[in-house]
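One structure is given below, encoded as structure tokens.
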2 protein chains.
Amino acid sequence: MPLFLSTHINKVDKKGRVSVPSGFRAALSDQSFQGVVLFRSNNFACLEGFAYSYMEELGERLDNFDLFSSEQDDLATAIFAEAVQLPLDGDGRIILSPELVEFAALNDKAAFVGLGPKFQIWNPQALDKRRIEARKTVSKSGLTVPKNNKAKAGAHD
Amino acid sequence: MPLFLSTHINKVDKKGRVSVPSGFRAALSDQSFQGVVLFRSNNFACLEGFAYSYMEELGERLDNFDLFSSEQDDLATAIFAEAVQLPLDGDGRIILSPELVEFAALNDKAAFVGLGPKFQIWNPQALDKRRIEARKTVSKSGLTVPKNNKAKAGAHD
DNA sequence: TGTTTTTCCATGATATTCCATAGATATCCA
DNA sequence: TGGATATCTATGGAATATCATGGAAAAACA
């Protein structure tokens, strides 16, 4: 599985082109589709990004839930219907549509934020705020990464 | 699992380069990624270091959360977004970014402190203080090393 | 044919690799 | 045992390669 680490800020030019950080490209290098899948976050003013293979896995996961539950239907609609598949160009760049740029306010710079299995793309200033928030929550509520065998699902919303 | 032992102080040159102690490199020698992952400590003015494989494991564990749960997002933002992956150069050195140098005040020397599965990187003076502090706390509160019964598999020696 | 999209190329900045040296440690052999 | 030699480690500097970025050329489209 590709692992996205660290944060990189790159320029978005007037055509919407932006370089995917080389470390992220390296994480994608063994993928069959050379590019990323993006869609608008449901929780923040940012974009969510994945390797294409991870989207396939996501599909399988959703399949494990109740196929006709409205929750899952909403989620699937929000994710798959929204998702765009962006190939890397010869120089390692992707092109963000005006809609994506506008949604995440990426008029000038885009911060690629590695979150392990996925990544996000933020307006750098908005990211700063988000980071402070996340750190606060983690230390206040004592969140830790659970051990592997007691996988949890559910508790969301 | 690589095991980091002992304390070594090395020079940080003006480009941020610093030799990883040879003992640490030996501990990493059987790893697929020849390098380390660093991030800012949440508790001290020092850097925390791991083998890349440890991050992979964290990534898998994190994958057990709901993909868009706020817990997953907060944790990933606090951990993966902050982490940097640093390869060893041909001479066994890593390059610390200005941000990392500044955070841990590593302008001149860096003390690599082995803590078993992980290690820390300290400003040597700050480390001295920290050690005195730790000793004081231990003797004052009568802290002892707990018995072995909650040891996880694999952690002998 | 005018417009948009994609590919290609140039460049400065940054990062990575390579080489040289010196000190410390270990090894070897008489 | 003792001295000489080799090896490893840490460190500095220089050469080389890569990355991010802007713009132009080529191709696709309407």
Side-chain angles (χ1 to χ4, degrees), chain A residues 2 4-29 33-36 38 47 49 84-102 106-114 119 121-124 127, chain B residues 2 4-31 33-38 49 52 83-102 106-114 119 121-124 127:
Chain A
F4 302 103
L5 287 182
S6 193
T7 299
H8 310 264
I9 297 179
N10 285 337
K11 184 104 201 301
V12 180
D13 71 16
K14 54 197 167 197
K15 299 184 202 167
R17 291 187 303 185
V18 59
S19 287
V20 173
S22 71
F24 286 25
R25 298 202 306 260
L28 293 167
S29 60
F33 171 69
Q34 281 299 294
V36 300
L38 296 184
L47 308 177
V84 291
Q85 193 177 354
L86 301 177
L88 290 169
D89 72 14
D91 300 316
R93 285 181 284 201
I94 54 176
I95 299 179
L96 302 174
S97 71
E99 292 77 34
L100 293 177
V101 168
E102 202 212 324
L106 305 173
N107 309 300
D108 182 36
K109 300 281 180 75
F112 286 76
V113 185
F119 64 91
I121 304 178
W122 283 81
N123 171 298
L127 174 63
Chain B
F4 304 104
L5 293 178
S6 190
T7 298
H8 310 263
I9 296 179
N10 285 336
K11 182 102 201 300
V12 179
D13 72 16
K14 57 195 168 198
K15 296 185 204 167
R17 290 188 302 188
V18 58
S19 287
V20 172
S22 70
F24 286 26
R25 297 201 307 259
L28 292 167
S29 60
D30 63 347
Q31 295 284 306
F33 171 70
Q34 282 298 294
V36 300
V37 174
L38 296 184
Y52 182 75
V84 291
Q85 189 179 357
L86 302 178
L88 290 169
D89 71 14
D91 302 316
R93 286 180 287 199
I94 54 175
I95 300 178
L96 302 174
S97 70
E99 293 78 34
L100 293 178
V101 168
E102 201 211 324
L106 304 173
N107 310 298
D108 183 36
K109 300 283 181 73
F112 286 76
V113 184
F119 63 91
I121 305 178
W122 284 81
N123 171 301
L127 177 61

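Order of the sequence lines fixes the chain letters, A, B, ..., with proteins taken first and strands second; residue numbering starts at 1 for each chain. These numbers come from the heavy atoms of this one structure, side chains and all, not from hydrogens, waters or symmetry mates. Remember, it's a predicted structure, so these values are computed and weren't measured experimentally.
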Problem set entry | Spacing of Leu86(A) atom CG relative to dT6(C) atom P, expressed in whole Å | 10 Å
Problem set entry | Value in whole Å for how far the C1' atom of dT14(C) lies from CD1 of Ile9(A) | 16 Å
For this session: Mind checking Val20(B) for me? I need base, sugar-phosphate or nothing, with any heavy atom below 4.0 Å counting as a touch.
Result: sugar-phosphate
Exercise. Pro21(B) near the nucleic acid: base, sugar-phosphate alone, or nothing, with a heavy-atom cut-off under 4.0 Å?
Worked result: sugar-phosphate
Exercise. Within the structure, does a side-chain N or O atom of Ser22(B) lie under 4.0 Å from either OP1 or OP2 of dT9(D)?
Worked result: yes
For this session: Specify the separation, in whole Å, of atom CG of Asn10(A) and atom C1' of dT21(D).
Result: 9 Å
Give every pair of a protein N or O atom and an N or O atom of nucleotides 24-30 of chain D that lie under 3.5 Å apart, one pair per line with the distance.
residue: dA24(D); atom: N6; partner: Lys15(A); partner atom: NZ; Å: 3.2

Exercise. What is the distance from atom CZ of Arg25(B) to atom CD of Gln31(B), rounded to the nearest 0.5 Å?
Worked result: 15.0 Å
Exercise. Roughly how far, to the nearest 0.5 Å, is the CG atom of Asn123(A) from the CD1 atom of Ile9(A)?
Worked result: 9.5 Å
Problem set entry | pair Phe119(B)-Val36(B): side-chain heavy atoms closer than 4.5 Å | yes
For this session: Considering non-hydrogen atoms only, spot the tightest contact between Val18(A) and Ala110(A) and give its length.
Result: CG2-CB, 4.3 Å
Seminar exercise, completed: Asp89(B) CG to dA15(C) C1', in whole Å, measures 11 Å
Exercise. Taking the inter-plane angle between the rings of Phe4(B) and Phe24(B) on a 0 to 90° scale, is it parallel (under 30°), tilted (30 to 60°) or perpendicular (over 60°)?
Worked result: tilted
For this session: Whole angstrom is fine here: how far is it from NZ in Lys14(A) over to P in dG22(D)?
Result: 8 Å
Exercise. Rounded to whole angstroms, how far apart are CG on Asp108(A) and C1' on dA20(D)?
Worked result: 14 Å
Exercise. Rounded to whole angstrom units, what separation is found between the CD1 atom of Ile95(B) and the C1' atom of dT11(D)?
Worked result: 14 Å
For this session: Round to a whole Å and report the spacing from CZ of Arg93(B) to P of dA14(D).
Result: 14 Å
Exercise. Are Lys15(A) and Asp13(A) within salt-bridge range, i.e. N to O under 4.0 Å?
Worked result: no
For this session: Evaluate whether atom CD of Glu102(A) has more than 12 neighbouring non-hydrogen atoms of other residues, nucleotides or ligands under 6.0 angstrom away.
Result: no
For this session: Ignoring backbone atoms, test whether Arg25(B) places a side-chain nitrogen or oxygen under 4.0 Å from the OP1 or OP2 oxygen of dA10(D).
Result: yes
